[in-house]
Protein chains: 2
Amino acid sequence: MSKIKVSIKDIAQKAGVSTALVSYVLNGKEKESRVGQEIALKIKQIAAELNYQPSHLAKSLRSGKTHTIGLIIADISNPFFANIARVVEDEAKRNGYTVIIGSSDENADKSRDLLDVLINRQVDGFIIVSSENSEQQIHNLKDKNIPFVLLDRYFPEIPTDFVSTDHYKASYDAGTHLVRNGYKRIGMIAYDSHLFHMQERIRGYRDSLRDNKIDFQNSWLKPVKINTIENGVKASIDEMLASDQPVDAILFATYSLSVSGLKHINHLRLRVPEDLGIVSFGQAEVFELYYCPITYLKQPIVLLGQTAVELLVKKLTSNLNEPAQILMKAELIERASSKAKYSVLT
Amino acid sequence: MSKIKVSIKDIAQKAGVSTALVSYVLNGKEKESRVGQEIALKIKQIAAELNYQPSHLAKSLRSGKTHTIGLIIADISNPFFANIARVVEDEAKRNGYTVIIGSSDENADKSRDLLDVLINRQVDGFIIVSSENSEQQIHNLKDKNIPFVLLDRYFPEIPTDFVSTDHYKASYDAGTHLVRNGYKRIGMIAYDSHLFHMQERIRGYRDSLRDNKIDFQNSWLKPVKINTIENGVKASIDEMLASDQPVDAILFATYSLSVSGLKHINHLRLRVPEDLGIVSFGQAEVFELYYCPITYLKQPIVLLGQTAVELLVKKLTSNLNEPAQILMKAELIERASSKAKYSVLT
DNA sequence: TATTTTTGCTTAAACGATTAAGCAAGTTTT
DNA sequence: AAAACTTGCTTAATCGTTTAAGCAAAAATA
């Protein structure tokens, strides 16, 4: 069997030259480095013959660049993030980068661990979907001068590059849509989180009610703890329906919340949209296959992912960096679950 | 601001010793290498003080081990594989390994590219969910003595380590279950693929009919090209229903097929299970939220992933390797979509 | 013809770690 | 007091690349 690993040294030996020449030729620097035509050809042939594969490790050690991006997402089991991951991976590859994915599971400690592991794997930079209470980590990255771009979630009080959906606008649109379609008592189930994107979604919802002259009731807004979604959602729905102003529509702030919610709604034998109108953030096959297709806010996943990679790569390759803060629009996909309750004037 | 990157050299300098001593101390070899107590303490303090993080790159270059596993899966957008990926990642981390994930998108060329990229990123070994026509790649890995474990799919004619579900048995059970519940004309929609696991699923289906004295009809088995699922499934269902022996139940060989199938079944306004019984491979929220919860074959995802990692790590750390070929059982989760058609004797 | 320039190559240091080998002291054994 | 260990450290090679600097021979210029 052939040698375990063929290095530049093997080629040099076989060609009867120094390793330097081989390196020059194999990196296309024959002209600048004044390598003879014949010997250049010979080196190339031998390299091909031995099926030489350069060691990424050695290259990286020398250059200080690994051509690797660390992608830290909040939850890989959420299809939204899984898709983001895929887009990022593809786009990175197109730019010559490999991606190492880590899921923080919405947990700041895990996120910190991931960052540490990836930093001393020498990733060139990060794309991060932040989890709650991870502000300090972002500050650390800035202090250490490690390039990164925040994705989907960002901290308004920390000046960083980010690419995100306009969560406020999305939520506002969803609320307005429900009002226009005749729903009068619109509830929202959200994560009990200080994360800005969640606060924005809530703010958008409340403003949409206010601007449409609907009196917001405290019992309509239910924050659910992220680690007890299933039960939290159940209880929230029960309460929303039991109040003296029972809701006739619910806006779910995330995909996971709506999945739990729809299960419970089925269980209660409520009909959508007759008994309860539904709009949800996120997108998934579930929403198409549910007996009543679900109206949802479609985030521009591909564009989000691509732009994040593009931004990061720009930061990595050029050193001028005008900070970029990009907000994108979500699209409201109208389905049966938020159908107009009765003919409404427009 | 502090130095960009602190190396063993910086510590040595500050402590007034050679780099060798630092290395010994930081690797806990103080005893074997007879390092003085005082200086050892001093070195540790300085390392902590400077927040020294060893360069994984340099370590790997020296040792030839990267402590990285390459995970190549057939399709990251399929929740089954996404979950597998998550399990593998967690289990690997528990063993001190990092995972680099790549999706081959069921394409042999892409799979080959991924292997190449990861090989010269020097991953220590692979866990692979093979795509069609990638046998040669498996042979190459064997020739190059690169450790790997096949996951979920394997090639019976190539002796390799693998961890897989017993696809034959799963399919056989599903078929038998439908027969027992009174379905008489059971169709199957599968991928048009030579992959062994798919052939096994088909064989299990056919054997279950045979053993239950049901005359298999050629029109009941529909292979669908993997890159035209949506239309392929539509056509298949239409044909199955139009034949003179129209099916009264369908077994879907994969999650993606059933999602497409259910959409079309909705569109045809067929009722499940009254008009059509359904059993599917794979598992997902879809199956719970569909108006009629879907009976499915639940593969032991966690155990599959963990075992694969365990096996690979064993191959990487010890050099004795009795080949391991592990088959696990899928569990049939019975839901309403394959309800007994009428009271049946058991 | 003497000098400069160009051409085609080699040498060697560097990236950051590990580790076998070696070398002075100090300590123990005879 | 000579021989033999021990102790506590340093030196230097190595992993696979890149690249600045240097050097001799050939070619161009004076």
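Throughout, protein chains are lettered first and strands after them, A, B, ... in sequence-line order, and every chain is numbered starting at 1. Computed from a predicted structure; not experimentally measured.
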Hey, does the side chain of [X] come within less than 4.0 Å of [N]'s phosphate (OP1/OP2), counting only N and O?
X       : N      : value
A:Lys9  : D:dT17 : no
A:Lys59 : D:dG16 : no
B:Ser18 : D:dT11 : no

B:Asp116 and B:Asn120: side chain to side chain contact (heavy atoms under 4.5 Å, CB included), yes or no, with the steps? CA-CA 6 Å; B:Asp116 285 349; B:Asn120 73 337; 5.8 Å; no
If you pin A:Thr19 and B:Ala20 to their nearest nucleotides in DNA chain D, which one's is more 5'? B:Ala20
With nearest nucleotides of DNA chain C determined for B:Pro54 and A:Ala40 from heavy-atom distances, which residue corresponds to the more 5′ nucleotide?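 That would be A:Ala40.
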Strictly by modelled atom types, are A:Arg121 and B:Thr98 linked by a side-chain donor-acceptor pair under 3.5 Å?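 The answer is yes; a qualifying pair exists.
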Quick check: any donor-acceptor pair below 3.5 Å linking the side-chain of B:Tyr24 to the base of C:dA17? no
Considering only [options], which nucleotide approaches the side chain of [X] most closely?
X       : options                : answer
B:Ser55 : C:dC9, D:dT11, C:dA17  : C:dA17
B:Ala58 : C:dT10, D:dG16, C:dG16 : C:dG16
A:Leu61 : D:dT17, C:dG16, C:dA17 : C:dG16
B:Arg34 : D:dT7, D:dT19, D:dT11  : D:dT7
B:Arg62 : D:dA13, D:dC9, D:dG16  : D:dA13

More than 12 foreign heavy atoms under 6.0 Å from CD of A:Glu157: is that the case here?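 More than 12 heavy atoms, drawn from other residues, nucleotides or ligands, come within 6.0 Å of this atom.
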Looking for any heavy atom pair under 4.0 Å, which part of the strands does A:Gln53 touch: base, sugar-phosphate only, or nothing? sugar-phosphate
Counting the atoms with a prime plus P, OP1 and OP2 as sugar-phosphate, which does B:Leu57 contact under 4.0 Å by heavy atoms, base, sugar-phosphate, or nothing?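 Nothing, no heavy atom under 4.0 Å.
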According to the salt bridge (charged side-chain N to carboxylate O under 4.0 Å, His left out) rule, which pairs have a member within residues 17-44 of chain A, sequence neighbours left out? A:Glu30-A:Lys44
Rounded distance (Å) that lies between atom C1' of D:dT18 and atom CD1 of A:Ile43: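 Rounding to the nearest Å, CD1 of A:Ile43 and C1' of D:dT18 are 15 Å apart.
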